[in-house]
Amino acid sequence: MIKFLNPSYVFKLSGKLLNIFKTFLPPLVIVGLIFSLFLSPKDYIQGDSVRIMYVHVPSAWISLISFVAISFFCILNFLFKLKNVTLIYKSLAPIGLTFNIIAIITGSLWGQPTWGTWWAWDARLTSMLVLMFFYIAFIFSYKFITNSERSIKACAFISVLGLINVIIIKYSVEWWSTLHQPSSISLTNETTVHFSMLVPLGLMVFALFMYVAVIFLMKYRIETIRIKKKSIKKI
Amino acid sequence: MLLKKVKNRLSILITLSLISIFTIFLILKVLEDNVLYFYSPSEIKNSNNINLKKKMRIGGMVKKGSIQSNKSEIKFIVTDLNNEIIVSYSGTVPALFAEGKGVVAEGNLKDKKFFIAKRILAKHDENYMPPELKESLSKDAK
């Protein structure tokens, strides 16, 4: 277990993983896009505008999962003072924010031809926007608070509130009346997306998750090298 | 000694979480009218204090066979399968507005049975399927 936290082991492992992911990423993206744009049917109501789903849904999932992940590591750091994990959430947070914004923008582009509006202040959309602010606050907390004690406390505080927001995002379409439709994909109930559309969705989820992994590992490695350079300079 | 500090931080975290959950729950309960995007016809029927001057939204399904459109306005019935409200609207409707599909109307209630809409939004459900499948499903249904 301790071996996992050894920085040089982690660095080596990250390099190996990065090489694997970098090889598979371009073909995966291309195959995903071919299925999304050409090899899948249009929707019986929405026509071709349903294809935005293949970017919108993975992006939304990434922004939610990333926030849960950074909260997990931030709280771990707060409780056990594990300095090594700060690098994990510092590398992941900007990615989560980017995909949150992508989800909001693609959602807006999808909403106009289908609902008839670019935006609505319903529970789902509003809570996703709130998540964006949580991400920004989180990033500000570790970037601009120089006192490390206060920085960790601020990040932990934002994580707790943000996690409650993530739960609200997930259940907003069930608890309240919203313009956004209820979930189509469920682990427990029936999934109401046809198989011909689940294939491109699955491919794009896979592709975008791998993209996140690549960017995360690159950022993680750059920050590790930066820290090493700083400590060498001090000597 | 290390464990005591961790326990301390954990209890701070748990207390903070519980207070936050409780506070947010209360806020959402109090502001429920604003969190709800629309009311259903049944909610309108059952509510006692409706402010007719306040702009609001109602939502539900467009009742099959209820769309009547002439030059100046379009009239249709919004139903939630238990209760109905007649909606009148002048303007263009979104492309996905159709009978048997979801709709959200923004405007004012004239009375409990009649709604004057300033804006119509189409609400689509969570089902995604190709057109051929829908055709064969409705053929089977017939």
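Atoms considered below: every heavy atom in the structure, side chains included; atoms not considered: hydrogens, waters and symmetry mates. Chain naming here is simple, since letters A, B, ... match the order of the sequence lines and numbering starts at 1 in each.
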Any chance you could measure [X], atom [atom1], to [Y], atom [atom2], to the nearest 0.5 Å?
X	Y	atom1	atom2	answer
A/Asp43	B/Asn127	CG	CG	9.0 Å
A/Asn77	B/Arg9	CG	CZ	9.0 Å
B/His124	A/Thr114	NE2	OG1	4.5 Å

* Asked: Under 3.5 Å, is there a donor-acceptor pair between the side chain of A/Ser177 and the main chain of B/Leu36?
  -> no

* Sub-3.5 Å donor-acceptor pair from the side chain of B/Lys123 to the main-chain atoms of A/Thr178, do we have one? -> yes

Region of [X] in contact with chain A, defined by heavy-atom distances below 4.5 Å:
X	value
B/Arg119	side chain
B/Pro94	side chain
B/Ile21	both
B/Val35	both

[atom1]/[X]: more than 12 non-hydrogen atoms of other groups inside 6.0 Å:
X	atom1	answer
B/Lys112	NZ	yes
A/Lys81	NZ	yes
A/Phe209	CZ	yes
A/Phe133	CZ	no

Could you look at [X] and say if it's the side chain, the backbone, both or neither that has a heavy atom under 4.5 Å from chain B?
X	value
A/Thr126	neither
A/Ile168	side chain
A/Trp121	backbone
A/Val160	side chain
A/Ser196	side chain

* **Side-chain heavy atoms of A/Trp115 within contact of B/Val104, under 4.5 Å** => no

* Asked: Quick one: does B/Tyr128's side chain get under 4.5 Å of A/Gln46's, heavy atoms only?
  -> yes

* With a 4.5 Å cut-off on heavy-atom pairs, point out which of B/Val93, B/Asn34, B/Leu16, B/Leu10 contacts chain A the most. => B/Leu16

Residue pair [X] / [Y]: nearest heavy atoms and the distance that separates them:
X	Y	result
B/Glu126	A/Ser184	O-OG, 2.8 Å
A/Leu79	B/Val6	O-CG2, 3.5 Å
A/Ile164	B/Ser20	CD1-CB, 3.5 Å
B/Pro131	A/Lys42	CD-O, 3.0 Å

* **Among A/Leu163, A/Leu179, A/Asp122, residue most engaged with chain B (heavy-atom pairs, under 4.5 Å)** => A/Leu179

* Structure fact -> Of A/Phe195, A/Trp176, A/Phe157, the largest count of non-hydrogen pairs under 4.5 angstrom with chain B goes to A/Trp176

